[in-house]
Amino acid sequence: MPHIKTIGYDEADESLRQVYDSIIGSRGKLAEVHKIQSLNPAALSAHIDLYKVVMFGSSPLKRYQREMIAVVVSAANKCRYCVEHHLEALRFYWKDETKIESLLDAQLPAEWSETDLALCRFAKECTLHPDQYPADAIINLRSAGLEDRTILDAVQVVAYFNFVNRIVLALGVEWNDDEAKGYRY
C-alpha cells in the first residue's frame, strides 16, 4: 500500500483527469507511478513531459538502449517496480530472454557491442558512485564511439531513473504482475 494518499481516475478532479487522459492516450494506461503523484497534477504533467523527451524524443541513443539503461539503474537502486516495467519494454525490443537474463545477472556478454557494454557499465557506476565517477568515464564512452550528444542523453536517462526510483521507493509504489503489461512502446 502506498505511503501517501493517491487519487484514482474515478475520483480525479478535472485538472487531474486531463493529465490522466493524456497519459492514457499516449501510454495506453495509467501506472501506479503516475497515481502516486496525483496530489500534484502540475508536477505529474511536467514529469510526463520529461519522460517523453528522455525516453521517446529524438536522440542518437536507440530506444532499446534507453530501456537497457533504465533497467541497469533501477536494478542498482533495487527498484523492482521500474526494473519490471522496463524489462517488459526490453522484451518488446530484444525478444531474447537470454539477453534479458544476462543484463539482470550483470553478466554482460563479450559479444554485446562495445557501445552497449560501455553504456551499462556507465549507468551502474554513475548510479552507485555519482560523487566518485571520474572524467575517465566520459573518455571510456567516447572510446566506445559515443559522441557528446549521446553521452548527454545517456546521463539524462541515468538521472531520470534515479529520480523516479526514489519516488517509487520512498512513497511505497507497489508492484503487481499486471502493472508492466499493456503499455505502448
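Bear in mind that the values here come from a model prediction, so they are computed numbers and not experimental data.
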For this session: Name all residues meeting the ring pair (Phe, Tyr, Trp, His ring centres under 6.0 Å) criterion together with Tyr9; count only those two or more places apart in sequence or in a different chain, and write none if there are none.
Result: none
In terms of side-chain geometry, is the basic nitrogen of [X] or [Y] positioned less than 4.0 Å from the acidic oxygen of its partner?
{"X": "Asp153", "Y": "Arg149", "answer": "yes"}
{"X": "Glu147", "Y": "Arg142", "answer": "no"}
{"X": "Arg121", "Y": "Glu125", "answer": "no"}
{"X": "Glu32", "Y": "Lys35", "answer": "yes"}

Exercise. Arg66 side chain to Val54 main-chain N or O, any donor-acceptor pair under 3.5 Å?
Worked result: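 Pair found, side chain donor or acceptor close to backbone of Val54.
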For this session: Answer yes or no: is there a donor N or O on one side and an acceptor on the other, between the side chain of Gln37 and the main chain of His34, under 3.5 Å?
Result: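 Looks like no, no N/O pair under 3.5 Å.
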Problem set entry | Over 12 non-hydrogen atoms of neighbours within 6.0 angstrom of NZ in Lys99 | yes
For this session: Please say whether more than 12 non-hydrogen atoms of neighbouring residues, nucleotides or ligands are located less than 6.0 Å from NZ in Lys52.
Result: yes
Exercise. Given side chains that start at C-beta, do those of Lys124 and Val73 come closer than 4.5 Å, heavy atoms only?
Worked result: no
Exercise. With hydrophobic residues grouped by side-chain heavy-atom distances under 4.5 Å, do Tyr64 and Leu141 end up in a single group?
Worked result: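 As far as the 4.5 Å side-chain criterion goes, Leu141 and Tyr64 are connected within one cluster.
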For this session: Could you tell me how the ring of Tyr51 sits relative to the ring of Tyr160: parallel (under 30°), tilted (30 to 60°) or perpendicular (over 60°)?
Result: tilted
Exercise. Between the side chains of Thr127 and Asn162, does any donor sit under 3.5 Å from an acceptor?
Worked result: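 Yes, Asn162 and Thr127 have a side-chain donor paired with an acceptor closer than 3.5 Å.
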Exercise. Among side-chain atoms of His85 and Tyr81, is any donor-acceptor pair under 3.5 angstrom?
Worked result: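 Yes, a side-chain donor-acceptor pair sits under 3.5 Å.
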Problem set entry | Cationic tip of Lys95 above Tyr93 ring, under 6.0 Å, 45° of axis |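 Judged by the rule, Lys95 and Tyr93 form no cation-pi pair.
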